[in-house]
Amino acid sequence: MNNFYINSNNVIKKVKIILSVFLLLFLVYVLHSIVSADNQDSGESIFRNDKVQIDCTDTNTTGGIIINVVSKLDKRIKVTIEKGDIKYTYDLKNDTTVEVYPVQLGNGEYTIKVWIHAIEDKYALILSAKYTVKLTDRNAPFLNPSQYVNFNKDAEVVKISADLTKNCINDIEKVQAIYNFVIDSLVYDVHKAETVQSGYLPSVDAIIGSGKGICFDYAAVFAAMLRSQGIPAKLVTGYVKPNNEYHAWNEFYIKDQGWFKINDMKFNGEKFERIDPTFDSSSKSSKNVMQYIGDGSNYTKFLEF
């Protein structure tokens, strides 16, 4: 019996060694194919190898970086975008779908990396690029579609927002009209909140069609509708006390007034004191929904898109 355990342990050790060697060889192979922006000409804006492409051609005007895999891969793909000591991590579809990622950290040098799943929770780098962003409009990342706030000119939310704002005389009136529509049209989806999977991305037209959503959905719809009308808007994620729940809300920009942020933005007929479409919509809902959201008195921003 003891010999059996000894032999089993030896087999396990050999398997671990073989897996480690395999992983090392895989990483060497993958790293061999990396294209680094350090080796590109200073004016380069497209970075590509046989696996993935990073396109910064229009980044300075649109505020977004376009990334897609070149041919379908059978592994999970991640994207990291860094500027200074701040890093954003995203998913990238492995089926050649084009995704747009915002350069929401303003002007300066960005490091863009694309990673492929290797083993367990480890990813291997397959493409790296550096690009210096010089935005023609500093609010461009919050005026155009991106992965989290995804829409196009034919989207239903664009048509609805255009109709809602056609008689508005200024941007504040447009914000109010769109905001009222969002909080009156959507109800909070408790089941979705309890079952949503990591990596979920809102589909703004589908959300409007269903008439319900989670905080992420509310914020994505509101941001998409404002952006479609030329009003810079952020989808913000962070935490809300007293329950310290992970939450999403919005900020928006009005010319000559600046960004309206979370504790000075609720519209009371004269000014915005707070913009949180989930909270205001759900104030008509059940107590358990309100408990999930929190009382709205203490927001801590984590990321913005």
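The local environment of CZ in Phe302 is sparse, with at most 12 non-hydrogen atoms from other residues, nucleotides or ligands closer than 6.0 Å. For Lys93, the NZ atom is loosely surrounded, since the number of other residues' heavy atoms within 6.0 Å does not exceed 12.
Cluster annotation: Leu92 and Tyr200 are assigned to the same hydrophobic cluster (Ile/Leu/Val/Met/Phe/Trp/Tyr, side-chain heavy-atom contacts under 4.5 Å, transitive).
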Exercise for the section: Could you walk me through whether Tyr101 and Tyr88 pass the ring pair (Phe, Tyr, Trp, His ring centres under 6.0 Å) test, one step at a time? Expected result: CA-CA 10 Å; Tyr101 303 94; Tyr88 280 75; over 10 Å; no

Practice task
Take Leu303 and Phe305 through the side-chain contact (heavy atoms from CB on, under 4.5 Å) test and state the conclusion after the steps.
Solution key: CA-CA 7 Å; Leu303 299 171; Phe305 304 93; 3.8 Å; yes

Practice task
Determine, step by step, whether Ile46 and Ile54 satisfy the side-chain contact (heavy atoms from CB on, under 4.5 Å) criterion, reporting the C-alpha distance in whole Å, the side-chain angles of both residues, the deciding distance to 0.1 Å, and the verdict.
Solution key: CA-CA 6 Å; Ile46 297 179; Ile54 299 171; over 6 Å; no

Exercise for the section: Start with the C-alpha gap between Tyr246 and Tyr239, add the side-chain angles, then the distance that decides, and say whether ring pair (Phe, Tyr, Trp, His ring centres under 6.0 Å) holds. Expected result: CA-CA 5 Å; Tyr246 192 66; Tyr239 298 89; 5.3 Å; yes

Practice task
Show your working on salt bridge (charged side-chain N to carboxylate O under 4.0 Å, His left out) between Asp217 and Lys192 and close with a plain yes or no.
Solution key: CA-CA 11 Å; Asp217 298 329; Lys192 186 175 184 179; 2.8 Å; yes

Practice task
Check the pair Val149 / Arg227 against side-chain contact (heavy atoms from CB on, under 4.5 Å), numbers first and verdict last.
Solution key: CA-CA 9 Å; Val149 184; Arg227 291 183 189 186; 3.6 Å; yes

Practice task
Evaluate side-chain contact (heavy atoms from CB on, under 4.5 Å) for Ile183 paired with Leu186, printing each intermediate quantity in order.
Solution key: CA-CA 6 Å; Ile183 66 175; Leu186 300 178; over 6 Å; no

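Residues Gln229 and Thr165 bring a donor and an acceptor atom of their side chains to less than 3.5 Å of each other. For Ser161 and Ser228, the side-chain atoms include at least one donor-acceptor pair closer than 3.5 Å. A donor and an acceptor atom, one from each side chain of Ser128 and Lys113, are nowhere located under 3.5 Å apart.
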Using atom types as modelled, flag every donor-acceptor pair under 3.5 Å from a side chain in residues 135-142 to any protein atom, sequence neighbours excluded.
from	atom 1	to	atom 2	distance (Å)
Thr136	OG1	Asn60	O	3.3
Asp137	OD1	Asn139	N	2.9

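Tyr131 contributes no side-chain N or O that, together with a main-chain N or O of Thr111, makes up a donor-acceptor pair within less than 3.5 Å. Under the 3.5 Å distance criterion, the side-chain polar atoms of Gln197 are matched with a main-chain donor or acceptor of Thr195. A donor-acceptor contact shorter than 3.5 Å links the side chain of Glu173 to the backbone of Ile169.
Taking CD1 of Ile112 as the start and CD1 of Ile65 as the end, the distance is 4.0 Å to the nearest 0.5 Å. For the atom pair CH2 (Trp115) and NZ (Lys75), the distance works out to 16.0 Å, reported to the nearest 0.5 Å. Between Phe151 atom CZ and Asp205 atom CG the span is 11.0 Å, to the nearest 0.5 Å.
Residues passing the ring-ring contact (aromatic ring centres under 6.0 Å, His included) test with Phe181, sequence neighbours excluded: none. Applying the salt bridge (charged side-chain N to carboxylate O under 4.0 Å, His left out) rule to Lys134 yields no partners; only residues at least two apart in sequence or on another chain are considered. Take Tyr110 and apply the ring-ring contact (aromatic ring centres under 6.0 Å, His included) test, not counting sequence neighbours, and it matches no residue. When the side-chain hydrogen bond (donor to acceptor under 3.5 Å, both in side chains) test is applied to Gln104, the partners found at least two apart in sequence or on another chain are Tyr90.
Counting only residues at least two apart or on different chains, no side-chain hydrogen bond (donor to acceptor under 3.5 Å, both in side chains) pair has a member in residues 61-74.
Across all their heavy atoms, Cys215 and Ala248 have their closest contact at SG-N, 3.5 Å.
Ion pairing between a basic and an acidic side chain is recognised when a charged N comes within 4.0 Å of a carboxylate O; Arg76 and Asp91 show no such pairing. Classification of Lys255 and Asp171 as a salt-bridged pair fails, no side-chain N sitting under 4.0 Å from a carboxylate O.
Under the 4.5 Å side-chain criterion, counting only non-hydrogen atoms from C-beta, Thr237 is not in contact with Trp249.
The aromatic rings of Phe222 and Tyr179 stand perpendicular to each other, their planes meeting at an angle above 60°, with 30° marking the opposite boundary.
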